[in-house]
Protein chains: 2
Amino acid sequence: MKPMSTKPAAAESDQALRLEQFLPYRLNVVGFLASRALGRIYGARFGIDIPQWRVIAQLGEFGRLTSRDIGELAQMHKTKVSRAVGELSTRGFVSRAANRADRRETFIALTPAGTRLYAQIAPLALAFQQRWIAGISGEEMRVFERVLSVLTERGRHLAGGSGDGQS
Amino acid sequence: MKPMSTKPAAAESDQALRLEQFLPYRLNVVGFLASRALGRIYGARFGIDIPQWRVIAQLGEFGRLTSRDIGELAQMHKTKVSRAVGELSTRGFVSRAANRADRRETFIALTPAGTRLYAQIAPLALAFQQRWIAGISGEEMRVFERVLSVLTERGRHLAGGSGDGQS
DNA sequence: GTCAATTAGTTGCAGATGAAACCAATGTCA
DNA sequence: TGACATTGGTTTCATCTGCAACTAATTGAC
């Protein structure tokens with residue numbers, strides 16, 4: 001890292017833009033790091049990617065869901081849900097069962113193998129989170145999470161969000 | 001959103017996993033929202049995407065940089081830098097000049113048109129950030145940013161990071 | 001009851017992305 | 001000096017992603 005500055009075009013306004021302090025940039029970087037770190041943990045160990053993990057997590061938490069519900073709960077585009085569920089289904093981790101009351105939608109649920117997988121991954125995920133926030137005081141984390149909630153909620157509406165879509 | 005719970009497979013351990021409270025998930029969502037909102041602002045208005053914006057921001061801040069420096073400063077994979085610089089170059093916003101001292105690397109800098117573009121976008125970006133954090137107290141933001149820094153730094157090392165790469 | 005509008009979910013397609021291969025230039029070490 | 005490793009940067013290729021179009025089923029208006 002040798003900046004090699006010659007003509008800093010910024011710094012004329014009262015408040016200059018510095019990318020490494022710019023909030024959208026920082027949030028995007030930390031979000032990317034989170035995904036990458038977590039993805040490596042159970043990606044290499046279980047052959048699961050992030051969308052698949054989210055599907056499994058929601059099913060492990062709520063039991064039985066439609067694809068639409070999964071998308072809404074896990075903030076995933078419906079095509080991503082469709083593909084993740086398809087892959088998990090062919091691998092035998094989830095089952096699909098038509099809803100007889102509304103035959104457009106399908107109930108997705110964990111199979112026994114899927115439940116075992118969830119029982120393996122969930123503790124790892126929680127342990128990872130613990131290791132990540134170790135040493136940060138409870139009060140600081142409370143403030144952090146409160147602000148994070150505000151930013152998330154506001155971010156959903158700030159630029160006219162359509163609703164879903166996720167990396 | 002109708003969870004339709006039947007058999008909540010979780011909640012057996014002393015600490016159940018709830019995805020909407022899971023930090024990596026939350027950070028990834030807010031990061032995505034940040035990118036999307038910001039990307040729409042100057043994407044629709046200037047035809048610039050996020051990687052290109054990051055390149056311009058760094059050049060506007062530091063003046064003249066090699067592609068390698070841009071990648072390190074802006075946390076971008078070198079192929080992404082290469083493509084962003086290539087596109088910005090053909091559009092006349094940046095110039096490339098070989099370094100005569102080390103002819104492997106190339107100096108990238110904003111052209112006059114690029115500087116004008118930066119002068120237009122930077123205030124918009126700052127205003128967007130202000131609108132986003134409006135109403136949050138200074139003390140809360142200080143705590144938030146401090147924790148964010150810790151999480152970012154730790155996230156870089158937690159799962160054996162290679163260094164670059166970015167969405 | 002019928003037809004238009006809506007919804008759940010899948011698929012085709014075009015663009016974005018990163019790993020790996022690659023090229024040219026520089027550094028290193030004998 | 002001469003081999004070999006390293007580095008800056010580009011390109012190829014396989015994959016992922018989301019938009020748009022599509023099918024099938026349901027709802028609503030009349």
Side-chain angles (χ1 to χ4, degrees), chain A residues 1-2 4 28 32-33 35-36 39-40 43-44 47-55 64-90 94 96-108 161-167, chain B residues 1-2 4 28 31-33 35-36 39-40 43-44 47-55 64-90 94 96-108 160-167:
Chain A
M1 184 162 77
K2 39 168 179 164
M4 196 62 174
N28 199 42
F32 167 79
L33 292 174
S35 280
R36 190 187 62 175
R40 279 183 185 168
I48 296 280
D49 64 14
I50 305 253
Q52 291 169 4
W53 152 249
R54 288 196 186 172
V55 169
R64 194 180 67 171
L65 296 166
T66 66
S67 288
R68 200 193 86 73
D69 293 334
I70 295 172
E72 187 156 345
L73 289 167
Q75 293 289 304
M76 290 167 64
H77 195 271
K78 63 176 179 176
T79 60
K80 201 179 285 188
V81 175
S82 175
R83 283 156 182 152
V85 168
E87 175 68 13
L88 290 172
S89 175
T90 62
V94 306
R96 307 193 215 214
N99 177 10
R100 309 176 110 258
D102 183 345
R103 290 187 356 257
R104 285 173 302 184
E105 57 186 23
T106 309
F107 287 129
I108 319 290
S162 65
D164 48 14
Q166 190 52 201
S167 73
Chain B
M1 183 163 74
K2 37 168 179 161
M4 197 61 175
N28 199 42
F32 167 78
L33 292 173
S35 281
R36 191 187 60 176
R40 280 183 185 167
I48 296 279
D49 65 13
I50 305 252
Q52 291 169 4
W53 151 249
R54 288 197 187 172
V55 169
R64 192 180 67 170
L65 296 166
T66 66
S67 289
R68 201 195 85 74
D69 293 333
I70 294 173
E72 186 155 346
L73 289 167
Q75 293 290 305
M76 291 168 64
H77 195 271
K78 62 177 180 176
T79 60
K80 201 179 285 189
V81 175
S82 175
R83 284 158 182 150
V85 168
E87 174 68 13
L88 289 172
S89 175
T90 62
V94 306
R96 308 191 213 214
N99 178 9
R100 310 176 109 258
D102 183 345
R103 294 195 344 264
R104 286 173 300 184
E105 57 187 23
T106 310
F107 287 129
I108 319 291
S162 65
D164 48 14
Q166 189 54 201
S167 74

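Within every chain, numbering begins at 1; the chains are lettered A, B, ... in the order of the sequence lines, protein sequences first and strands thereafter.
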Notebook entry, point to check: Could you give the CD1-to-C1' distance, from A/I48 to D/dC16, as a whole number of Å?
Noted result: 16 Å
Margin query: For the CG atom of B/D69 and the CD atom of B/E72, what is their distance to the nearest 0.5 Å?
Written below: 7.0 Å
Item checked: B/M76 vs B/V55, side-chain contact (heavy atoms from CB on, under 4.5 Å): CA-CA, chis, key distance, verdict -> CA-CA 9 Å; B/M76 291 168 64; B/V55 169; 4.3 Å; yes
Next item on the list: Measure the spacing between CG of A/N28 and CZ of B/R36 and express it to the nearest 0.5 Å.
Entry: 13.0 Å
Margin query: Please classify the nucleic acid contact of B/T79 as base, sugar-phosphate, or nothing, using heavy-atom distances under 4.0 Å.
Written below: base
Check: Has A/R96 got a side-chain N or O lying under 4.0 Å from the OP1 or OP2 atom of C/dT10?
Finding: yes
Notebook entry, point to check: CD1 of B/I108 to CG of B/L88: how many Å apart, nearest 0.5 Å?
Noted result: 9.5 Å
Margin query: For a quick test of reading the model: is some side-chain N or O of B/K80 closer than 4.0 Å to OP1 or OP2 of C/dG18?
Written below: yes
Check: At what distance, to the nearest 0.5 angstrom, does CD of B/E87 lie from CZ of B/R83?
Finding: 12.0 Å
Next item on the list: State whether the distance check finds a donor on one side and an acceptor on the other, under 3.5 Å, for side chain B/R83 versus base C/dG18.
Entry: yes
Item checked: Rounded distance in Å - CD (A/E87) to P (D/dC16) -> 9 Å
Next item on the list: Round to the nearest Å and state the distance from A/I108 atom CD1 to C/dT10 atom C1'.
Entry: 12 Å
Checklist line | Protein-nucleotide distance (A/D49, atom CG; D/dA14, atom C1'), rounded to Å | finding: 15 Å
Margin query: I need the CG-C1' distance between B/D69 and D/dG9, as an integer number of Å.
Written below: 13 Å
Margin query: With a 4.0 Å limit, can you tell me whether B/R104 has a side-chain N or O closer than that to the phosphate oxygens OP1/OP2 of C/dT26?
Written below: no
Notebook entry, point to check: D/dT10 P sits how many Å from B/L88 CG, rounded?
Noted result: 12 Å
Next item on the list: Give the rounded distance in Å between these two atoms: CD of A/E72 and P of C/dT7.
Entry: 12 Å
Item checked: Separation of atom CD in A/Q75 from atom P in D/dG18, rounded to whole Å -> 12 Å
Margin query: C/dT17, OP1 or OP2 - any side-chain N/O from B/H77 closer than 4.0 Å?
Written below: no
